Protein chains: 2
Amino acid sequence: MTTDSLSRQAIIDAALAIIDSDGVDGLSMRRLGKHLGVDPKAVYYYVPNKAALFDRVIDALYDEMALDQLEFTGSWRADLAAFATRLRDVLRRHPRTLMVFATRPGAVIAYAGGAENALTRLQDAGFTPRQGLTMISCVRSLTVGLLIAELVEPVGASSDSTIEPMADYPVLTSAISGGFDADEQFRVGLSALLDGFAAAEPKAVHH
Amino acid sequence: MTTDSLSRQAIIDAALAIIDSDGVDGLSMRRLGKHLGVDPKAVYYYVPNKAALFDRVIDALYDEMALDQLEFTGSWRADLAAFATRLRDVLRRHPRTLMVFATRPGAVIAYAGGAENALTRLQDAGFTPRQGLTMISCVRSLTVGLLIAELVEPVGASSDSTIEPMADYPVLTSAISGGFDADEQFRVGLSALLDGFAAAEPKAVHH
DNA sequence: ACCTGAACACCGTTCAAGT
DNA sequence: ACCTGAACACCGTTCAAGT
């Protein structure tokens, strides 16, 4: 509950911990202060406002992903899959940060190191930087989009979710029966997307 | 500002209008009441709480999409593209609802009518209901994911977005120069995804 | 049936002041 | 340099009461 002395890092760690356990809405400056054993306003000495605090939490997630340390194989296809998987694994460890993460605008900037590597890799394979960016952007969007569908709690937790009569929808019912397998959807969807990009693959510039 | 008499529909319309103009965070029960020329708590007579209000707003968006009225062509590929485009067009008309929309869990249920049609269509093409659901889910996730990257404002509007030194990232810089074309990314990404699914297309059961 | 008053338990943030 | 007190302008929601 209490820490010896306040520090920027301790604040960010506490914020992430609170989001992990109580969700984004569970993080208030006041609860954060209590968690740190300090007056809520003490935080403002280290961080200008709540938005900036969110930014720092997301930075911590990117650090955990270590996208700039992805090892490249001989295949850009495998490399993009590794990128998506790394992204997905970290976000699955912090499911409740997902909406903050997804809506961070600096997203592209924040993993600039990783993106640069990946783009270079795709350029070597003959794609233009613009094509490469589209590919990365789509891989990221598919991954994040599927994660949101899988594990986010709604922006104002839903209420009257009376599951409607599914009797009118036999095919849908049959599709859902047997469970909604998020891992399978990710695997299949990512494969399809990469297959599609591969079909448009130009001659390699060198290799 | 003021309406003759309060009604459930007037409340939902006002809520959507406020979100459209001021964002999700701009919608408070108190501001909603002011907008309707009524005590904020009057709303509680028509809607149990704010979460339910969000649910009704999203229902309104699904109505606007009219997914169950999509006309089917001879090609499941074209049909899925039409689905994605319809989804995207409506969300681009209401960009600030996006996060609420994306995180609505009943998503699958809410467009059950459209989903049933699409799944039947894919089943005719030889895909199992489970495969069909994966395809729809991926198309939706890619579409929503790209939209989020394109036009959402962050969950606590970002602050210190000092664009970092991009000098270290020449390929990334070159990829971004010439503009970040969201329409192109959507077109290319969706094509790739559908191409990938098509590559796995089984023999048609009939046709 | 439809709306309001009073009240409760919360928010983020500023700014001057304390140590 | 680091933290707090007082204060401001907000929240969602309940519940009894008014018409």
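Order of the sequence lines fixes the chain letters, A, B, ..., with proteins taken first and strands second; residue numbering starts at 1 for each chain. Everything quoted here is computed from the prediction, not taken from an experiment.
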Taking only residues two or more places apart in sequence or in another chain, which ones pass side-chain hydrogen bond (donor to acceptor under 3.5 Å, both in side chains) with [X]?
| X | value |
| --- | --- |
| Arg92(A) | Glu150(A) |
| Asp89(A) | none |
| Thr73(A) | Asp79(A) |

Residues that Tyr44(B) engages under ring pair (Phe, Tyr, Trp, His ring centres under 6.0 Å), provided they are two or more places apart: none
Filtered N/O pairs between nucleotides 7-13 of chain D and protein, under 3.5 Å:
unit_1: dC11(D); atom_1: OP1; unit_2: Ser28(B); atom_2: OG; d: 3.1
unit_1: dC11(D); atom_1: N4; unit_2: Arg30(B); atom_2: NH2; d: 3.2
unit_1: dG12(D); atom_1: OP1; unit_2: Met29(B); atom_2: N; d: 3.1
unit_1: dG12(D); atom_1: OP1; unit_2: Lys50(B); atom_2: NZ; d: 2.9
unit_1: dG12(D); atom_1: OP2; unit_2: Met29(B); atom_2: N; d: 2.9
unit_1: dG12(D); atom_1: N7; unit_2: Arg30(B); atom_2: NH1; d: 2.3
unit_1: dG12(D); atom_1: O6; unit_2: Arg30(B); atom_2: NH1; d: 3.3
unit_1: dT13(D); atom_1: OP2; unit_2: Tyr44(B); atom_2: OH; d: 2.8
unit_1: dT13(D); atom_1: OP2; unit_2: Lys50(B); atom_2: N; d: 3.0
unit_1: dT13(D); atom_1: O5'; unit_2: Tyr44(B); atom_2: OH; d: 3.4

Report all side-chain donor-acceptor pairs from residues 8-17 of chain B shorter than 3.5 Å, counting only partners two or more places apart or in another chain.
unit_1: Arg8(B); atom_1: NH1; unit_2: Tyr46(B); atom_2: O; d: 3.1
unit_1: Gln9(B); atom_1: NE2; unit_2: Asp13(B); atom_2: OD1; d: 3.0

Just to be sure I follow the notation: if a pair is Watson-Crick (purine N1 to pyrimidine N3 plus N6-O4 or O6-N4) or a G-U wobble (N1-O2 and O6-N3), each under 3.5 Å, what dot-bracket string does DNA chain D give, with | for pairs to another strand? ||.|||||...|||||.||
Looking at Arg31(B) and Gly26(B), would you say the former's side chain and the latter's main chain have a donor-acceptor pair under 3.5 Å?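 Confirmed, Arg31(B) side chain pairs with Gly26(B) backbone.
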Strictly below 4.0 Å: does Tyr45(B) bring a side-chain N or O up to OP1 or OP2 of dC3(C)? no
Which pairs with one or both residues in residues 126-136 of chain A pass salt bridge (Lys or Arg N to Asp or Glu O under 4.0 Å), sequence neighbours excluded?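 Sorted result for residues 126-136 of chain A: Arg130(A)-Glu184(B).
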Report the residues that fulfil side chain to side chain contact (heavy atoms under 4.5 Å, CB included) with Gln185(B), sequence neighbours left out, ordered by chain and then residue number.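 If we apply the side chain to side chain contact (heavy atoms under 4.5 Å, CB included) test to Gln185(B), skipping adjacent residues, the hits are Leu133(A), Thr134(A), Ser137(A), Leu146(B), Phe180(B).
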Would you tabulate the pairs of protein nitrogen or oxygen atoms and nucleotide nitrogen or oxygen atoms of nucleotides 17-19 of chain D closer than 3.5 angstrom?
none

For Arg187(B), which residues count as a salt bridge (charged side-chain N to carboxylate O under 4.0 Å, His left out) partner, sequence neighbours excluded? none
Can you pull out every ring-ring contact (aromatic ring centres under 6.0 Å, His included) where at least one residue sits in residues 122-147 of chain A? Sequence neighbours excluded, please.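 For residues 122-147 of chain A: Trp76(A)-Phe127(A).
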Between C1' on dC3(D) and CZ on Arg8(A), what's the gap in Å once rounded to a whole number?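 Distance, rounded to whole Å: 18 Å.
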